[in-house]
Amino acid sequence: MATPEEAKLHQFLQWLELNRAELRGCRIKYSESSKGFGIFSSNHASDGILLVVPLDLAITPMSVLQDPLLGPECRAMFEEGEVDDRLLITLFLTVEHLRENSSWKPYFDMLPTTFGNPLWFSEDELLELKGTTLYRAAQLQKKTLQSLFDEKVKRLATKLLTLDGHPERDVKFEDFLWANSIFWSRALNIPFPRCYIFPMDSEGQDSDISSKIVNSATQTNGCGGLSNGESAKVPEYDALQDKVASAASISQGEIVWVEGLVPGIDFCNHDFKAAATWEVDGTGATTGVPFSMYLLSAGENPSLIEKEISISYGNKGNEELLYLYGFVMNDNPDDYLMVHYPVEAIQNVDFSDSKAQLLEAQKAELRCLLPRSLLNRGFFPPSNSSEEDKDKPVSSQVCNYSWSGQRKTPSYVHNLVFPANFLNALRTLAMKENELYRVSSLLEELVGSGGERQPTDTEVQAAIWEACGDSGALQLLVDLLNMKMLDLEEGSGTEENDTELLEKACTAETPEDCKESRTSDIAQNHLLSRNKQSSIIYRRGQKQLTRLFVKEAEHALQLALTEEL
């Protein structure tokens, strides 16, 4: 007798075949509980093409508007501005998942029902993220999604369900949360041929609704972008949103990039060393199937049978992986640290109005991302960094103009790993009264006492560096990093405490596993849910990066103090 997973898979494979998808050198099967279904090699494909899926099967804004049942009403919602392209897809997923006779049911039955991203954490699991950027970001994101559901999505989804003859069906927040997580964990940025997205009218003009969809994606964030007045108050949250936001629809010649889900392709799991890549075949010259997406083997041994075929989701740190996909990678080389100076704290510094004007004039950044890779070019490069990384110069951190000639380029500039724009902001904020007057004098000397012109942002940066040097900015940076470490360690202890937890713990995949494992005294003491384990791996990485960047900043500060004497 077939297991539930096998029955779902059988229905899905029949559905793929009916929709002209072709599994040429792979098979889809259940991988493991933390991954769900995955794609595995099945035989040798001489041309390396493993899977071909017609783009007609993709769930995109255009396909939603062309749906025979929901399309006309969705089109009206879109044209009236009630939904943008991302919310359109998420709304469609919400409704179709609830429709018992949906033509997408074989696909939806294969998709996960719960997720490992922080939106699905219990309160106890969420506390494991306290002190990290993700803790506040997850709280704000869920609150924003709840408001969006209450104020708009529930009403629109109920309206669409009446078209199916089921107006009595109750749409719950969890249904919308599921659709949102499906979109953000599985959507691809697809390079469609322009003629596919923009069907011509009788006069040879692009479809008006297609143009609106492409334009809307670059102007709004929808339920995924979560940009609102409240989130704007949290710099770490804004920066994380900026980091994960994709260029949703950008027209480049004959290619138009549009976000969407491609059933079949989206069962590829992530790995640093991808075994395959996906491509789009607009003409059919490569696959024999025009307007299709195909999976192409990138491995050295494509003939290995039953090897899982992975793709790369991009160079993403654990913060992004956990936020979007619900998993983390041990020893992630793409990890990064987010550091920011609180905007609300500016009003409490001396001469805040003058400094705020200078910050605006130089377009200074009050937050920065510090990728782990920066350490390869710092004062204390890790032992596994290559000579090429060590020799690669960092973009100049100081201005190359000095009015007096007294401010010399620091000897340590090529090992300074911190972004120039962020250091410019910190120099401004750390300025003393005499330095502020010096900056004013230098700028007046440059542009004239009558203010004949406004100084450029580069000139303002040069004047501030001339007057202040680096020591004040680096001291402020050390303080910010030490404060971040205090936040990370509060309640969860040190990096070593997290390592000890992970070494002693056994991991339960589901709440049921937790209950079963409690019969063992040893397991009861060190049992971790998958979500808790992911959180600890992520926060330990944040503590490690903070420690390493504190070391870099402190060393740079000592050198700056010595050279500025």
Side-chain angles (χ1 to χ4, degrees), residues 32-36 90 94 111-150 172-186 223-226 230-231 234 236-237 239-241 243-244 270 313 316-330 332 335 338 487-493 497-498 501-502 505-518 524 526-543:
E32 58 180 83
S33 57
S34 64
K35 288 184 175 182
T90 310
T94 304
L111 300 179
T113 55
T114 60
F115 301 83
N117 70 60
L119 290 176
W120 295 79
F121 280 18
S122 67
E123 296 219 355
D124 185 45
E125 289 169 337
L126 195 59
L127 285 175
E128 299 291 345
L129 294 174
K130 198 166 185 181
T132 69
T133 301
L134 273 191
Y135 181 69
R136 298 177 74 192
Q139 289 177 315
L140 281 171
Q141 187 189 25
K142 194 163 188 178
K143 184 177 179 181
T144 303
L145 287 173
Q146 182 71 62
S147 297
L148 183 59
F149 176 78
D150 294 339
K172 297 182 174 61
F173 174 62
E174 288 70 25
D175 299 319
F176 175 54
L177 197 61
W178 174 87
N180 182 78
S181 294
I182 287 293
F183 175 80
W184 282 100
S185 62
R186 306 182 85 85
C223 64
L226 308 174
E230 184 171 10
S231 68
V234 186
E236 321 97 288
Y237 176 72
L240 184 57
Q241 289 299 125
K243 180 81 175 163
V244 303
H270 168 74
Y313 293 179
K316 290 178 168 56
N318 281 340
E319 192 156 276
E320 270 187 280
L321 291 176
L322 188 55
Y323 184 72
L324 289 177
Y325 306 105
F327 68 87
V328 295
M329 306 290 283
N330 275 309
N332 189 337
D335 245 350
M338 192 180 297
D487 288 341
L488 287 168
E489 291 182 344
E490 184 181 2
S492 65
N497 293 141
D498 288 339
L501 271 176
L502 292 170
C506 65
T507 303
E509 301 287 352
T510 66
E512 288 70 27
D513 292 338
C514 293
K515 293 173 185 176
E516 293 172 7
S517 297
R518 281 174 187 148
Q524 187 174 0
H526 303 293
L527 186 67
L528 288 179
S529 70
R530 174 67 61 181
N531 292 345
K532 281 193 175 184
Q533 183 193 49
S534 296
S535 300
I536 295 171
I537 291 173
Y538 158 61
R539 80 182 184 211
R540 179 181 64 173
Q542 293 290 287
K543 291 172 185 176

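Every value quoted in this text rests on a predicted model; they were computed, and no experiment measured them.
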Only one of D498, N332, T133 passes side-chain contact (heavy atoms from CB on, under 4.5 Å) with Y538, and that residue is T133

Requested in this report: Determine whether the side chains of Q533 and R530 contain a donor N or O and an acceptor N or O closer than 3.5 Å.
Outcome: yes

Heavy-atom side-chain proximity of [X] to [Y] below 4.5 angstrom:
X: L129; Y: P118; answer: yes
X: L127; Y: F121; answer: no
X: Q542; Y: E319; answer: yes
X: S535; Y: V328; answer: no

Here the pair of heavy atoms bringing S492 nearest to N497 is O-CB, 4.0 Å

Between H270 and F327, the two heavy atoms sitting closest are CB-CZ, 3.7 Å

Does [X] reach the main-chain N or O of [Y] with its side chain, forming a donor-acceptor pair under 3.5 Å?
X: K316; Y: L321; answer: no
X: W178; Y: F115; answer: no
X: R539; Y: E128; answer: yes
X: D150; Y: S147; answer: no
X: D175; Y: T94; answer: no

Once you measure the plane-to-plane angle for Y313 and Y325, does it fall in the parallel (<30°), tilted (30-60°) or perpendicular (>60°) bin? tilted

(message) If the threshold is 4.0 Å, N to carboxylate O, is there a salt bridge linking E489 and K543?
(response) no

Contacts of R540 meeting salt bridge (charged side-chain N to carboxylate O under 4.0 Å, His left out) (sequence neighbours excluded), chain-then-number -> none

